[in-house]
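Just so you know, ligand 1 is whichever comes first in the structure, and atom 1 is the first atom listed for that ligand.
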Amino acid sequence: MTSIPQVRKLVTAIPGPKSQEILKRRADAVSAALGMAIPMIVERAGGGILVDVDGNSIIDMGAGIAVVNVGNSADRVVANVKAQVEAFTHTCFMVAPYLGYIEVCEALNRLTPGTHKKKSILLNSGAEALENAVKIARSYTKRQAVVVFEHGYHGRTNLTMAMTAKNMPYKEGFGPFTPEIYRMPMAYPLRWPGGAQNCASDALNVVIHKMEKELGAKNIAAIVIEPIQGEGGFIVPPKGFLPGLAKFATENGIVFIADEVQTGFARTGQMFASEDEGVVPDLIATAKGIAGGLPLAGVTGRAEIMDSVHASGLGGTFGGSPIACAAALGAIATIEQENLCDRAKEIGTIISDALNAMKAKYSIIGEVRGRGAMQAIELVIPGGIEPNPVALTSIIKFCQSEGVLILSAGTYGNVIRLLPPLVIPENLLREALEILDRAIAQA
Ligand SMILES: *Cc1c(COP(=O)(O)O)cnc(C)c1O
């Protein structure tokens, strides 16, 4: 259990004087290209609270972007990491293997959807997992084309920049991008031209038509999609879209890759979001929530696909670090033993009830959407669906000044996304939602 008192407490403005001093050093020493969601310097964190150097306690509604699902410094993570650091810190799994890596792969093979024989590899980051998933799919199929979707986010390396939809800030000026990446329309109900009720079947028809007529199904190595889009604005595809894509992939020898980097590890109320409609991806990319805050990522999938790459074709110096693996085993045990999937569902109900009540009051809320502890509101100009990024900025600033950290998202910069740690105490969660309500009222 975290020893940090689970109460919101403001003793200075945000940022306080000590944070301001350190933020000056940040500006002097750190590249100006890095963003910052909240101007504060963290000293400790646990449960649903971030404590800054001035002694302010902020409610954490972001979990480090869906990373500390089990909370910061979760007991089992801390204990495992301490023991591992004392035993050894690195050998390189490709040089001299160790048990922790194998146990994480066993856990991923067991926990990901599908009862078929699975195998895994471990990497350092979500982007690296996506890169490897594409490498494996291309090697297995001997094909090159990769299908991705509007509003999708897959990372910031060269290949994953090409796969990511949004230019600013992720791609601007960073080209040339890798070829053979094809972006398809996304089933985005709120903004589907033919209306939300037709979105699933229309979108599926359009995407399949484009794959068949423009690419040729036999040239496609992989279809890569987030089961719920994260950075793109928590876009939940309508029922039928994902199973339809998966079916088309299977029928045409295409590897169906689920990017569960943000949706994985209990976030949506199931261990993986693909489970919601019984989709069984051929490969699954994981990262963020896998190791309680340590950098780790995985690719898990059908054994015949994972084994199809030539010997020594995959790897990396730090991938599956023993310390990150120890942390992952602690995080996974926490999710399972503390029933955090069920808890994510309960959190989701509390959040969506509150957000829907706000929607009834405030016409700038165009839509409330999400699943489990991954909920969002899309802000619009009242009366239509024109994006309202101005309101978003004002709401986030208000929440910060009241001691609540809230993250934004969305292609149009108009989505508030709520993804608290799954161990956040209920009173803190409700308090954060009340402050969000006031923030929207003043916007
Ligand atoms: C964050 C994210 C990535 C990239 O992960 P990094 O660890 O930042 O490289 C890829 N896909 C999705 C869906 C993500 O949310």
Side-chain angles (χ1 to χ4, degrees), residues 33-37 62-69 112 121-135 137 146-166 169-171 174 178 181 183 186 188 222-237 242 256-268 271-274 276 279 281 283-300 316 318-321 324 327-328 331 370-376 407-411 415 417-419:
L34 285 176
M36 171 168 62
I65 319 185
V67 169
V68 284
N69 294 358
T112 47
I121 55 164
L122 301 180
L123 300 312
N124 298 292
S125 69
E128 205 188 348
L130 270 301
E131 292 251 356
N132 277 275
V134 169
K135 279 165 68 171
V146 174
V147 164
V148 295
F149 291 84
E150 290 172 354
H151 312 287
Y153 181 86
H154 301 290
R156 295 174 182 258
T157 58
N158 188 265
L159 173 60
T160 58
M161 270 195 295
M163 295 165 66
T164 289
K166 193 175 176 179
Y170 306 122
K171 305 164 75 161
F174 298 143
T178 171
I181 307 295
R183 199 173 329 284
M186 176 62 189
Y188 185 171
I223 297 172
V224 187
I225 190 163
E226 300 155 82
I228 297 176
Q229 290 183 320
E231 308 302 302
F234 285 17
I235 300 166
V236 186
L242 293 174
F256 186 77
I257 303 176
D259 178 350
E260 293 243 18
V261 168
Q262 194 156 154
T263 49
F265 297 99
R267 176 53 53 188
T268 64
M271 193 57 92
F272 294 99
S274 299
D276 186 60
V279 171
L283 299 179
I284 298 194
T286 53
K288 290 196 166 88
I290 190 173
L294 274 82
L296 187 70
V299 179
T300 301
F318 288 121
S321 137
R371 192 184 306 141
M374 184 170 183
Q375 297 283 338
L407 300 178
S408 64
T411 299
V415 176
R417 56 169 154 174
L418 304 177
L419 54 178

| request: For Thr263 and Glu226, test the side chains for any donor-to-acceptor distance below 3.5 angstrom and give the result as yes or no. | output: no

| said: Considering Ile228, Thr160, Val261 one by one, which has a heavy atom nearer to atom 3 (C) of ligand 1 than any of the others? | reply: Val261

| remark: side chain to side chain contact (heavy atoms under 4.5 Å, CB included) with Met374: of Leu418, Val236, Ile228, only one passes, and it is Ile228

| Can you find a pair of side-chain heavy atoms, one from Tyr170 and one from Arg156, that are under 4.5 Å apart? | yes

| Is there side-chain contact between Thr157 and Glu128, with at least one heavy-atom pair below 4.5 Å? | no

| request: Would you name the heavy atoms of Leu407 and Gly62 that are closest together and state the gap between them? | output: CD1-CA, 3.8 Å

| Does ligand 1 have any atom that is closer than 4.0 Å to a heavy atom of Ala127? | yes

| query | Got the closest protein heavy atom to atom 5 (O) of ligand 1, with its distance? | reply | Gly126 CA, 3.2 Å

| request: Provide, to 0.1 Å, the distance between atom 1 (C) of ligand 1 and the closest protein heavy atom, together with that atom's residue and name. | output: Lys288 NZ, 1.5 Å

| query | By number and element, which atoms of ligand 1 are closer than 4.0 Å to a non-hydrogen atom of His154? | reply | 10 (C), 11 (N)

| field | Step-by-step side-chain contact (heavy atoms from CB on, under 4.5 Å) determination, Leu159 to Ile181 | value | CA-CA 9 Å; Leu159 173 60; Ile181 307 295; 3.8 Å; yes

| query | Do ligand 1 and Glu231 have nitrogen or oxygen atoms that lie under 3.5 Å from each other? | reply | no

| Element-labelled atoms of ligand 1 that are located less than 4.0 Å from some non-hydrogen atom of Gln262 | 15 (O)

| Against heavy atoms of Glu226, which atoms of ligand 1 measure under 4.0 Å? | 13 (C)

| query | Under 4.0 Å from atom 7 (O) of ligand 1, is there any protein heavy atom? | reply | yes

| task | Identify, by atom number and element, the atoms of ligand 1 in contact range of Ser125, meaning under 4.0 Å from any of its heavy atoms. | result | 7 (O), 9 (O)

| Closest protein heavy atom to atom 11 (N) of ligand 1, given as residue, atom name and distance to 0.1 Å | Asp259 OD2, 2.7 Å

| request: Grab the two heavy atoms, one from Ala165 and one from His151, that are nearest each other, plus how far apart they are. | output: CB-N, 3.2 Å

| said: Checking the N or O distance criterion of under 3.5 Å, is ligand 1 in contact with Ala287? | reply: no

| Among His154, Lys166, Arg417, side chain to side chain donor-acceptor pair (under 3.5 Å) partner for Glu231 | Arg417

